[in-house]
Engineer: 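I have a structure here, written as structure tokens, and I will follow up with some questions on it.
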Amino acid sequence: STTFGAPTLLKQGNGTYNVDFGGGRNRWGDYSATVVDPTNSNTFWTFQEFVNGTDNWAVQVTQLRLGGMGNTSDGLRVQLHDTARLNNSLFDRNTFRSNGGNGMTLTADGSAIIDKVVITNNQFTGNADGLYLTTCSPNAFINAQIDGNTFNGNGANGLHTLADGGTINILSLLNNTANNNGANGFQFEATNGALLTLTSVIGNTGNGNGQNGMYLRAGGVNSRIYGSVGQLGMAPNNFGGNLQNGLFLEANDGGTIAGP
């Protein structure tokens with residue numbers, strides 16, 4: 001089943017618009033439409049008018065890619081540019097299987113914000129990365145809660161989180177399973193001066209992966225990973241039977257990994 005959260009703000013207006021050309025009618029919305037891509041029925045394009053300055057209009061073009069199984073690229077890809085925002089979204093009880101790219105990709109660049117995205121109870125199997133979250137610029141931002149998912153048998157990583165500039169906050173990582181992936185069960189990276197925080201990393205399993213059960217890397221000056229893996233008195237994480245390490249922490253070229 002699919003659950004829809006609050007409406008998503010793709011582009012915020014930059015002023016007010018009140019132009020009636022002497023007719024008394026402030027007309028709006030002529031340049032708005034949503035259409036299916038003629039070459040891929042899993043891709044939609046939405047063209048929406050917005051105010052780009054006082055009494056001036058422009059059009060924001062957004063690509064929406066849907067799917068989940070057997071695509072040549074990602075099962076689901078959400079890519080935000082400039083100052084776009086995605087707020088209070090829920091992805092729950094979906095299956096992303098056998099896609100040529102990642103099962104699901106969330107990308108923020110420019111000054112885009114993906115805030116309070118909740119990813120729960122999904123299955124990611126047979127993709128490149130199961131789930132891939134990334135920020136690609138200094139002002140990009142992601143807040144994510146990732147609980148109760150299964151990331152098994154993907155060609156690369158089960159869950160891959162890359163803060164390549166900007167900030168990613170993992171608000172919780174609870175009771176996920178990432179077994180038998182080609183690389184790491186869980187991979188968290190901060191590069192190019194990024195900040196990545198980890199909170200409530202509890203009750204996860206990463207067994208039988210081709211590299212590590214969980215891999216944390218901070219690479220580059222001022223690149224930081226702050227947080228903890230596990231919590232006293234709570235369900236333990238379990239990382240066993242991986243070809244390299246259960247839990248591997250690596251900081252290089254001025255990067256820092258530290259507790260909260």
Engineer: For N127, is there any backbone N or O sitting under 3.5 Å from a side-chain donor or acceptor partner on N99?
Structural biologist: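 Between the backbone of N127 and the side chain of N99 there is no qualifying donor-acceptor contact (under 3.5 Å).
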
Engineer: Would you kindly confirm whether I257 and L159 end up in one hydrophobic cluster when ILVMFWY residues are joined by side chain heavy atoms under 4.5 Å apart?
Structural biologist: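 Yes, it is one cluster - the side chains of I257 and L159 are joined through contacts under 4.5 Å.
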
Engineer: On a heavy-atom basis, which atom in A235 and which in I202 lie closest, and how many Å separate them?
Structural biologist: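 So the two residues come closest at O-CG2, 3.2 Å.
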
Engineer: Compare all side-chain heavy atoms of F91 with those of M104 and state whether any distance is below 4.5 angstrom.
Structural biologist: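 In contact.
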
Engineer: Hey, is the main chain of G148 close enough, under 3.5 Å, to the side chain of N176 for a donor-acceptor pair?
Structural biologist: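 It does hold such a pair.
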
Engineer: Once rounded to the nearest 0.5 Å, what's the spacing between atom CG of L249 and atom CD1 of I225?
Structural biologist: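 Output value for this atom pair is 7.5 Å.
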
Engineer: Under 3.5 Å, is there a donor-acceptor pair between the side chain of N237 and the main chain of N204?
Structural biologist: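 Pair found, side chain donor or acceptor close to backbone of N204.
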
Engineer: Determine whether N94 and F96 satisfy the following criterion, side chain to side chain contact (heavy atoms under 4.5 Å, CB included), listing intermediate values before the conclusion.
Structural biologist: CA-CA 7 Å; N94 302 286; F96 301 92; 3.6 Å; yes

Engineer: Under 30°, 30 to 60°, or over 60°: which ring-plane class applies to F151 and F186, parallel, tilted or perpendicular?
Structural biologist: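 Ring orientation of F151 relative to F186: perpendicular.
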
Engineer: Angle between ring planes, Y215 versus F248, binned at 30° and 60°: parallel, tilted or perpendicular?
Structural biologist: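 Y215 and F248: parallel rings.
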
Engineer: Measure the spacing between CG of N52 and OG1 of T54 and express it to the nearest 0.5 Å.
Structural biologist: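 Taking CG in N52 and OG1 in T54, the distance rounds to 9.5 Å.
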
Engineer: Under 4.5 Å between any side-chain heavy atoms of F47 and V35, yes or no?
Structural biologist: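 Touching, per the 4.5 Å side-chain cut-off.
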
Engineer: Apply side-chain hydrogen bond (donor to acceptor under 3.5 Å, both in side chains) to residues T46 and T34 and explain how you reach the verdict.
Structural biologist: CA-CA 4 Å; T46 183; T34 300; 2.9 Å; yes

Engineer: Could you tell me whether the side chain of N102 and the main chain of D74 form a donor-acceptor pair under 3.5 Å?
Structural biologist: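 Answer holds: no.
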
Engineer: Does T199 reach the main-chain N or O of L171 with its side chain, forming a donor-acceptor pair under 3.5 Å?
Structural biologist: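 Absent.
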
Engineer: Would you indicate whether the side-chain heavy atoms of N14 and F50 approach each other to under 4.5 Å?
Structural biologist: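 Yes, close enough: below the 4.5 Å cut-off.
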
Engineer: Within the structure provided, determine whether V201 and S228 are in side-chain contact (heavy-atom separation under 4.5 Å).
Structural biologist: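 The answer is no; the side chains never approach within 4.5 Å.
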
Engineer: Just how far is it from atom NE2 of H160 to atom OG1 of T105, taken to the nearest 0.5 Å?
Structural biologist: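 If I round to the nearest 0.5 Å, the distance is 10.5 Å.
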
Engineer: Any link between L80 and V117 through a network of hydrophobic side chains (Ile, Leu, Val, Met, Phe, Trp, Tyr) touching at under 4.5 Å?
Structural biologist: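 Same cluster: L80 reaches V117 through Ile, Leu, Val, Met, Phe, Trp or Tyr contacts under 4.5 Å.
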
Engineer: Strictly below 4.0 Å, N to O, side chains only: are E189 and R217 in salt-bridge contact?
Structural biologist: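 Yes, this pair counts.
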
Engineer: Could you tell me whether the side chain of N122 and the main chain of T120 form a donor-acceptor pair under 3.5 Å?
Structural biologist: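 Present.
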
Engineer: On a heavy-atom basis, which atom in G193 and which in S223 lie closest, and how many Å separate them?
Structural biologist: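 What the structure gives for the nearest pair is N-OG, 2.9 Å.
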
Engineer: With the 4.5 Å side-chain cut-off for hydrophobic clustering, are I146 and F124 part of the same group?
Structural biologist: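 Same hydrophobic cluster.
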
Engineer: Say whether, by atom type as modelled, one donor and one acceptor occur between the side chain of D55 and the main chain of N18 under 3.5 angstrom.
Structural biologist: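 Answer holds: yes.
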
Engineer: Is it true that, when you exclude E250 itself, more than 12 heavy atoms of the residues, nucleotides or ligands shown sit nearer than 6.0 Å to its CD?
Structural biologist: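 Yes, the 6.0 Å shell around CD holds more than 12 heavy atoms from other groups.
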
Engineer: Are the side chains of N169 and L196 in contact, using a 4.5 Å heavy-atom criterion?
Structural biologist: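 No, side chains not in contact.
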
Engineer: Distance-only, no hydrogens or angles: does the T135 side chain make a donor-acceptor pair with backbone N or O of A108 under 3.5 Å?
Structural biologist: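 The answer is no, because no donor-acceptor pair under 3.5 Å joins these two groups.
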
Engineer: Does D115 use its side chain to pair, donor to acceptor, with the backbone of N88 at less than 3.5 Å?
Structural biologist: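 Side chain of D115 to backbone of N88, a donor-acceptor pair under 3.5 Å: no, none is there.
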
Engineer: Please find out if less than 6.0 Å separates the ring center of W28 from that of Y17.
Structural biologist: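 Distance test on ring centres: under 6.0 Å, yes.
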
Engineer: Applying the 4.5 Å side-chain criterion to the ILVMFWY set and letting contacts propagate, would I113 and I119 be lumped into a single cluster?
Structural biologist: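 In one cluster: no.
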
Engineer: Using modelled atom types and a 3.5 Å cut-off, is there a donor and acceptor pairing between side-chain atoms of N184 and backbone atoms of N157?
Structural biologist: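 No, N184 side chain to N157 backbone: no donor-acceptor pair under 3.5 Å.
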
